[in-house]
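Report on one structure; see the data block that follows.
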Amino acid sequence: MPLTAEKEQILMFSNGMLKMGGEREPVPRPKKWPQSGTLALGSQNIPGSSIEEESVSMEDGDLTSVEDKQFCVEAETNRKRVSWDTERRCFLDAGGAAWLTRRIIESRLWPIEIMRVAQMGAAKGAKAGKEKVEDETQISFHGVAYMDLAPLMYPGATCVRGAYKIYPFYESELMLKTKRNQSVLRESMRLPVTGGKGRVSSVNSCKAAPSKIFEKGGKDTKETPKKVGPPGKVAPEENFVEVEPQINTEGQMYADSKSYIVIEIELDRPLVPKRPKEELTKRVMQLIPPRPPLLHRPTGAERAVQEFQGQVANVAAQVMDQYQQLFGAAFEPGASSLDPNTQEQRKRQLLGELNYSGKYFAFKEQLKYSVVRIVREKMLRTEAFADEDQLQAFLSQLYVFLVDEMHMALNKTLSVDNLENQPQPQLECSQLRHFAREAELNQDYQLATQYYQERLARDRNDPSHWFDYGCFYMLRGDYQKAEECFHQAVSINQAHLSSLLMCGILAEMDGRYEDAETFFEGATCVNPRSVVAWTLFGLFYQAQDNSIQTEMAFLEASKQQRAGLAPGPVGDGDTQTEKFDTQAENIVQEEGVGGDSADKSMEGENAESDVKGCSVAVEPKPTSTTALASPSRASSIYMKTVEFLLQNNALQMAQRALAQELLCPEGGLSSCYHLALAQLHTLRGEYCSAETSLSAALSDSYEKPDVWALWGHLHYLRDECRDARKCYERTLDFVTDASDTHPIYLRLGSIYLREGQFEKAKATYLRACKSSPSCLTWLGVGIACYRLGEMTEAEDALTEANTLSSANAEVWGYLALVCLQMGRKLEAEQSYKYTLKLGLQNEPLLQEINEMQRHVGFGNPGF
């Protein structure tokens, strides 16, 4: 262990105590000073330092699975074991910390050597010189555990703890794993001969190290010096040279009995500082300054109307006060209503009083200015009328408008319930999003743009509206506008997770790696439990060839995924996951050695993720068309990230995540992988590659509705309607529904209409209307009913479609046909006018309308 940039210290622990099986170690139990033999009785315990029971999932070692945990509990309870419970403390200055960092980067595995020193007899002075030293320094049962210190290089990491398997010691294996060419034990024994006085341990201290002889029960031992002894006379160096046997028979017993050692290393301060959340938030704010919510400020015309209503309310209040002065309370609970004669008499008396007092004239002057503003700013009239008829028409229009506004003001003032029920918009924002995704599905990007802009017009302070608009631009490949939308979402809400992630993805695509790192790290601070955020962070570091940070991010993602599946509370925070490459390590504190540990790797993870950018109540994204995995199959962190990326059209990063899925132990060439890859190819328009991936997905299972649904979409995009229909029908026949049935219903219904199967088309579109109604689903029902001769039902369906979208020319066209068939001349002409006004592009339909008009003799105002 480095103390300074020039000085090292070999840490050695001795006096391991043999514990018999049948009783578990008490928890908590105190830690001991390493020089316990020289202290007074009872003073060997370290005050305030104890060994607590730790969950196996919080450990970094080789034994982290549930099966390993069960085995460890059994081994530490029923089997013999050696326990040190010792803590050694060292001081590392800045140079030592820098040296330790460099050594970990050079070799992440550090050796912890274990040996058994033969216990000396009581005959003192019976032997001396070289022969005695040879006996004392002989290394028996030489084993080694390899401890991975890379977790100490994670930002903010201060502790590494785990159970590490013990292997027989071979110098060739030591060189291969740790880049060290010599045993630390042998080096420490040679130290006095070479004159090294800076070491804490020496060979002579081995004299004071008692040893225990154990049965062949799979319990390893570790006997090392416990304090510095005075340098003494030692045998020549050649006496310590041992020829490494070809097979370490004694050390092999560790591996055969599956022995392990539990070690913890803790730093007071991390080697790699972690940026605090406040600093990350500040950097994100510097990149995307937050803006206050836009206040609704009425325009000039709206202000003029509001001012008029306010003046009317003020005049009404004064008139009410005058009425109460003349006749008392206007409204008394339980009082009988006045008869008409009394009401008329009071009215004349009130008007007379107002005229007599001059208030009537004052009221007119009070309203005069607000009326003038309405004429100028609402009616846009600033010049005198030259024509008397135009003047009278304008005055009539103004009078009607002022009376309506007066009634609205009086209703607000005199209503018993002051909370007026304002008419709500017919369409909610979630419906508009659904319609926009439906337009994307039909590749009608202009209509989709209108829906997204309408959402923004309703509420520009909702970050999810900007996020969805940015994802639409990602689909179109306009990354500059997409980044502007994501920046707008972050400026409104600095903690909008999905927008931060998309900002990081686009910044990396643009080569702004420092900004990308800020966004990704900020996302992990906003939601530390987000599997997607940590996985994307790891993919970013992987592209930067930062292996330590990559491993840290992927491990954290796996930890959060397992924490989401844990039956206990999620708030336990620090559950440590299994490493993708398990190794072992060397260092400071050591707690015990147990026997018989199973070598299991932990696989099969599933998890919840928090991360979609904004959730909608109506429908998932049609352009993705299918989910990435069926709920029954465990999903890796990469597949969850791929799902997020494909839904938001980040195709380049999705391809990198899929590449990692191939290397993942629980991943590989699975059906879910092939399905996601087919989705990626479909979104890119690479239909041949998508077909290859779908064939591979079907080879795994023929009962996945999402695979058949995507294959149906692939045939539909190729205009292979017959094959598409078969795939869609098979998808709907499964017991389990596909993850997104809306595009299936739409496209299958359109195929039925093309083939003339109107009954099936009607049934299919009605199922779509039941699950996720839209203008197109009701239009499909209306067309099918019209072709079946069901005019009343057709009119009802088309009316519903017109309610959801009054700008669809095809809906107006079929309404014109229905009205022509039912002999309704006025409605037929009006529908035809709107059909032409909205620019109907369906030429066969327009020709059919014209033929029907000539047949019935009406419907076209041009006749």
Side-chain angles (χ1 to χ4, degrees), residues 295-428 458 799 803 826-827 830:
L295 299 177
H296 177 68
R297 296 180 178 179
T299 60
E302 190 176 355
R303 284 201 305 270
V305 173
Q306 290 179 357
E307 182 181 350
F308 175 75
Q309 291 182 353
Q311 295 295 341
V312 169
N314 182 268
V315 169
Q318 297 184 53
V319 171
M320 183 62 66
D321 292 340
Q322 185 67 37
Y323 181 90
Q324 291 179 350
Q325 291 178 10
L326 293 175
F327 310 110
F331 304 101
E332 294 182 358
S336 58
S337 59
L338 299 176
D339 59 90
N341 294 331
T342 305
Q343 291 181 6
E344 187 65 25
Q345 181 180 0
R346 288 189 174 185
K347 177 183 176 181
R348 289 197 302 268
Q349 186 176 352
L350 177 61
L351 289 175
E353 182 65 26
L354 292 175
N355 279 293
Y356 180 77
S357 61
K359 291 182 179 180
Y360 184 81
F361 179 77
F363 292 158
K364 288 199 301 181
E365 290 296 322
Q366 184 176 345
L367 294 173
K368 182 177 179 180
Y369 177 73
S370 58
V371 173
V372 170
R373 286 198 62 183
I374 287 178
V375 171
R376 291 179 177 176
E377 299 184 20
K378 180 70 176 177
M379 303 297 185
L380 303 178
R381 299 297 306 188
T382 57
E383 298 178 356
F385 289 91
D387 189 359
E388 186 68 22
D389 295 336
Q390 291 183 0
L391 175 61
Q392 293 301 323
F394 174 77
L395 291 177
S396 299
Q397 180 185 1
L398 177 62
Y399 177 78
V400 171
F401 177 80
L402 293 177
V403 169
D404 290 341
E405 294 299 326
M406 179 191 68
H407 287 161
M408 291 177 61
L410 292 177
N411 288 336
K412 292 179 182 178
T413 304
L414 302 177
S415 175
V416 178
D417 187 4
N418 290 328
L419 297 177
E420 182 183 6
N421 294 325
Q422 297 289 340
Q424 297 295 328
Q426 291 183 351
L427 298 178
E428 299 178 355
R458 291 192 180 186
T799 303
T803 303
L826 180 60
E827 290 91 337
Q830 290 177 341

**Asked** Looking only at heavy atoms, what is the nearest atom pair of E377 and A301, with distance?
**Response** O-CB, 3.4 Å
**Message:** Evaluate K359 against Q322 for side-chain hydrogen bond (donor to acceptor under 3.5 Å, both in side chains), listing each step before the verdict.
**Reply:** CA-CA 10 Å; K359 291 182 179 180; Q322 185 67 37; 2.8 Å; yes
**Request:** To the nearest 0.5 Å, tell me how far E405 CD sits from L410 CG.
**Result:** 11.5 Å
**Asked** Can Q318 and N314 be counted as having a side-chain donor-acceptor contact under 3.5 angstrom?
**Response** yes
**Prompt:** Hey, what do you get for CZ (R373) to CD (Q306), rounding to the nearest 0.5 Å?
**Reply:** 10.0 Å
**Message:** Can you confirm whether K412 sits close enough to Q309 that some side-chain heavy atom of one is under 4.5 Å from a side-chain heavy atom of the other?
**Reply:** yes
Table please: side-chain donor-acceptor pairs of residues 380-392 below 3.5 Å, with sequence neighbours left out.
unit_1, atom_1, unit_2, atom_2, d
D387, OD1, D389, N, 3.2
E388, OE2, Q392, NE2, 3.1

**Request:** Could you tell me which non-hydrogen atom of L402 sits nearest to which non-hydrogen atom of V371, and how far apart they are?
**Result:** CD1-CG1, 4.0 Å
**Asked** Should Q345 and N341 be marked as a side-chain hydrogen bond (donor to acceptor under 3.5 Å, both in side chains) after you check the CA-CA gap, both sets of side-chain angles, and the distance that decides it?
**Response** CA-CA 6 Å; Q345 181 180 0; N341 294 331; over 6 Å; no
**Item:** Distance in Å, Y323 OH paired with Q349 CD, rounded so as to fall on 0.5 Å steps
**Value:** 9.5 Å
**Asked** Where the side chain of N355 meets the backbone of L351, is there a donor-acceptor pair that is under 3.5 Å apart?
**Response** yes
**Request:** Would you check if L367 and F363 make a side-chain contact, meaning some heavy-atom pair closer than 4.5 Å?
**Result:** no
**Request:** Any chance you could measure Q325, atom CD, to E353, atom CD, to the nearest 0.5 Å?
**Result:** 8.5 Å
**Prompt:** According to the ring pair (Phe, Tyr, Trp, His ring centres under 6.0 Å) rule, which pairs have a member within residues 364-383, sequence neighbours left out?
**Reply:** none
**Asked** What is the minimum heavy-atom distance between V312 and A409, and which atoms define it?
**Response** CG1-CB, 3.9 Å
